[in-house]
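Take a look at the structure set out below.
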Amino acid sequence: MAEEMKEEPMEGVADEDESSESSDDDSMESENANESREESKPKVYLPGQAIEDGEELIADKSAYRLLHQAQSGAPCLSFDVIPDDLGNSRENYPLTMYVVAGTQAAKTHVNNLLVMKMSNLHGTKQCCENSESESSNSEDEDDERKPVMSVAPIKHQGCVNRVRCTKLGGSVVAASWSELGRVNIWNLQEQLSAVENSNLLTAYRNKCDKGGADIKPLYTFKGHLSEGFGLDWCRMDPGTLASGDCKGNIHVWRIDNSGASWHVDQRPYNSHAPHSVEDLQWSPNEENVLASCSVDKCIKIWDARASPQNACMLTASGTHTADINVISWNAKESQFIVSGGDDGLLCIWDLRQFGPDGASPVATFKQHTAPVTSVEWHPTEATVFASGGADDQIAQWDLSVEVDHAEESQDSELAKLPPQLLFIHQGQSDIKELHWHPQCTGTMISTAHSGFNVFRTISV
């Protein structure tokens, strides 16, 4: 299994050509120099615009505080950030972070869960040029700044449709949805120990290569009637899990008193049926309240204490014109949910307006030109969220921003953008999932068919 991590995945914006300086004695040379500088001046690219022959997209590194990419061999459909003990609100570089991801390999039997440690993540040189040593270009310094990624794999039967992790007692556990229709729960402590020590990691991977690391899940549920994608751990009730499948069935898991097994209610919540449940989100402040979205273009709110036939409390529909793929529940202002669909639409919902007859969103945005594949509220900023889509763009949004007519852009294309749109990150193809790192201020991680990006913009 190959893994690679690189600093600053895209080339920076080119400087203007300084070799054609003007001459006081030669006006023609001066004019040519001005034309050369005008041609080399970078232009802002917006998704959907045509790229002419000879033009190249390059990132403006001055717009980033952190920018790295990573490769994991087979692409990963899903990942989650592993909580760590390194502290909260971290923004002193270099950073260290931990991730669990699941592969989508071409062959079913060669898939893995990957426990990854990404370390030595330095900020961009533009961000760190406050000292002479930081701006040096010596080879020694470049070597010192190289990011490092350590990976401990767990063999997984079938592609990993979705993976979510949580802390349970003193251990980190992860739930994974397999394309084979099973949901597994794994203890990740052995892998987390291995990525901390190079000798342990070498021994662990040698054991895996020789077939001696046949790691079994803590628990497996085979009661779903098909594969699925909906999966979420309850934040308010550790050990409680919800899983939803492509037949429209949602099962709620509760850990037993021994803490070593789970009881899964065999009676599913199924009012989405026969349409696929695409995403699930537990309430951030109520342990028995669950949200779901579906191919049926609906968002439903469930009371996990009620019987399945009476569990659906509230419904919102009628705005998305295609499948609703993803939802995110605001952790700070828990009355708000954001959704994203195949129609490219982002909708902000106020739960106080939900009712038996549906509801209308309080805001909608149509920035994405292809299906929205991931959306997530910022963990600490109540008005900020991010969205990613199959149009290869990640957008950062701030709902608190209003139109400032005095400072409206003179660029007609930029003027068409909604003022709440803070930043567009590009450079990945076929974006699958994104997450804010809850402990590293403003830092985002995203996975796509082309690999992982780790970045922080100057906007958040």
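Residue numbers run from 1 in the order of the sequence given. Just the heavy atoms: all of them, side chains too, but no hydrogens, waters or symmetry mates, feed the values below.
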Enter the distance from D237:CG to S283:OG here, rounded to the nearest 0.5 Å. 12.0 Å
Expected output: side-chain Q71 to main-chain S450 donor-acceptor under 3.5 Å: yes
In short, Q396 meets W436 closest at the heavy-atom pair NE2-CH2, 3.8 Å
With a 3.5 Å distance limit and no angle check, can you tell me whether H251 reaches the backbone of D265 through a side-chain donor-acceptor pair? yes
Side-chain donor or acceptor of N325 paired with backbone N/O of T373 under 3.5 Å: no
Check: W282 main-chain N/O paired with R235 side-chain donor or acceptor under 3.5 Å: no
A311 versus A306, closest heavy-atom pair with distance: CA-CB, 3.9 Å
Under 3.5 Å donor-acceptor, Q189 side chain and V172 backbone: yes
Can you measure from CD (E179) to CG (N111) and round to the nearest 0.5 angstrom? 6.5 Å
Are the charged groups of D245 and K247 less than 4.0 angstrom apart, N to O? no
Within the 4.5 Å heavy-atom criterion, are I348 and P361 side-chain neighbours or not? no
Pick from I185, N187, L218, I255: which one makes a side chain to side chain contact (heavy atoms under 4.5 Å, CB included) with L168? I255
Please determine whether the number of non-hydrogen atoms from other residues, nucleotides or ligands lying under 6.0 Å from atom NE2 of H275 exceeds 12. yes
H68 side chain to H122 backbone, donor-acceptor under 3.5 Å: yes
Would you call the rings of W377 and F336 parallel, tilted or perpendicular, where under 30° means parallel and over 60° means perpendicular? tilted
Quick check against the 3.5 Å criterion: does N120 have a side-chain atom that pairs as donor or acceptor with the backbone of P94? no
How long is the span from the OG1 atom in T457 to the OH atom in Y64, to the nearest 0.5 Å? 7.5 Å
For F365, the ring-ring contact (aromatic ring centres under 6.0 Å, His included) test, sequence neighbours excluded, returns W397
Less than 3.5 Å apart, any donor N or O on the side chain of H320 or D343 sitting next to an acceptor on the other? yes
Looking only at heavy atoms, the pair that brings K332 and P379 closest together is CE-O, 3.5 Å
Can you find a heavy atom in the side chain of Y269 that is under 4.5 Å from one in the side chain of V252? yes
Paired with L434, the side chain to side chain contact (heavy atoms under 4.5 Å, CB included) test is passed by just one of V326, T447, I394, V375, namely I394
To the nearest 0.5 Å, what is the distance between CG on L290 and SG on C234? 8.5 Å
Is it true that, when you exclude K167 itself, more than 12 heavy atoms of the residues, nucleotides or ligands shown sit nearer than 6.0 Å to its NZ? yes
Between F79 and M116, is the side chain to side chain contact (heavy atoms under 4.5 Å, CB included) condition met? List the steps. CA-CA 10 Å; F79 76 99; M116 302 186 286; 5.8 Å; no
If we count only N and O atoms by modelled type, under 3.5 Å, do the side chains of D392 and S429 hold a donor and an acceptor together? no
Can you confirm whether more than 12 heavy atoms, excluding those of N310, are under 6.0 Å from its CG atom? yes
Side-chain H-bond candidate by donor/acceptor type, S243 with W177, under 3.5 Å: no
Does any part of the side chain of W302, heavy atoms only, come nearer than 4.5 Å to the side chain of S271, both counted from C-beta? yes
How about S446 and F455: do any of their side-chain heavy atoms sit closer than 4.5 Å? yes
Would you find a donor on one side and an acceptor on the other, under 3.5 Å apart, between the side chain of D232 and the backbone of A242? no
Between H378 (side chain only) and T380 (backbone N and O only), is there a donor and an acceptor less than 3.5 Å apart? yes
H224 versus V264: any side-chain heavy-atom pair under 4.5 Å? no
Atom pair CG/OG1 of N197 and T202 - distance to nearest 0.5 Å: 8.5 Å
Using a 6.0 Å cut-off, check whether atom NZ of K107 has over 12 heavy atoms from anything other than its own residue. no
I'd like to check C76 versus T103 (side-chain heavy atoms, cut-off strictly below 4.5 Å). Are they in contact? yes
What's the shortest heavy-atom distance between H156 and S176, and which atoms? NE2-OG, 2.9 Å
Should the pair D84-K117 be classified as a salt bridge under the 4.0 Å nitrogen-to-oxygen rule? no
How close do I431 and G388 get, counting heavy atoms only, and between which atoms? CG2-CA, 4.4 Å
Can you tell me which residue among W233, Y219, W186 is in a side chain to side chain contact (heavy atoms under 4.5 Å, CB included) with V173? W233
Minimal non-hydrogen separation, T383 against S400, with atom names: OG1-OG, 3.7 Å
Just wondering, do R162 and D279 contact through their side chains at under 4.5 Å, heavy atoms? yes
Going from OG1 on T315 to NZ on K300, what distance comes out if it is rounded to the nearest 0.5 angstrom? 3.5 Å
What I'd like to find out is whether the side chain of R205 reaches to under 4.5 Å of the side chain of L201, using heavy atoms alone. yes
Does R164 come within less than 4.0 Å of E433, counting only side-chain N to carboxylate O? yes
Starting from the C-alpha separation in whole Å, work towards a yes-or-no answer on side chain to side chain donor-acceptor pair (under 3.5 Å) for Y98 and Q191. CA-CA 11 Å; Y98 302 83; Q191 293 73 33; over 6 Å; no
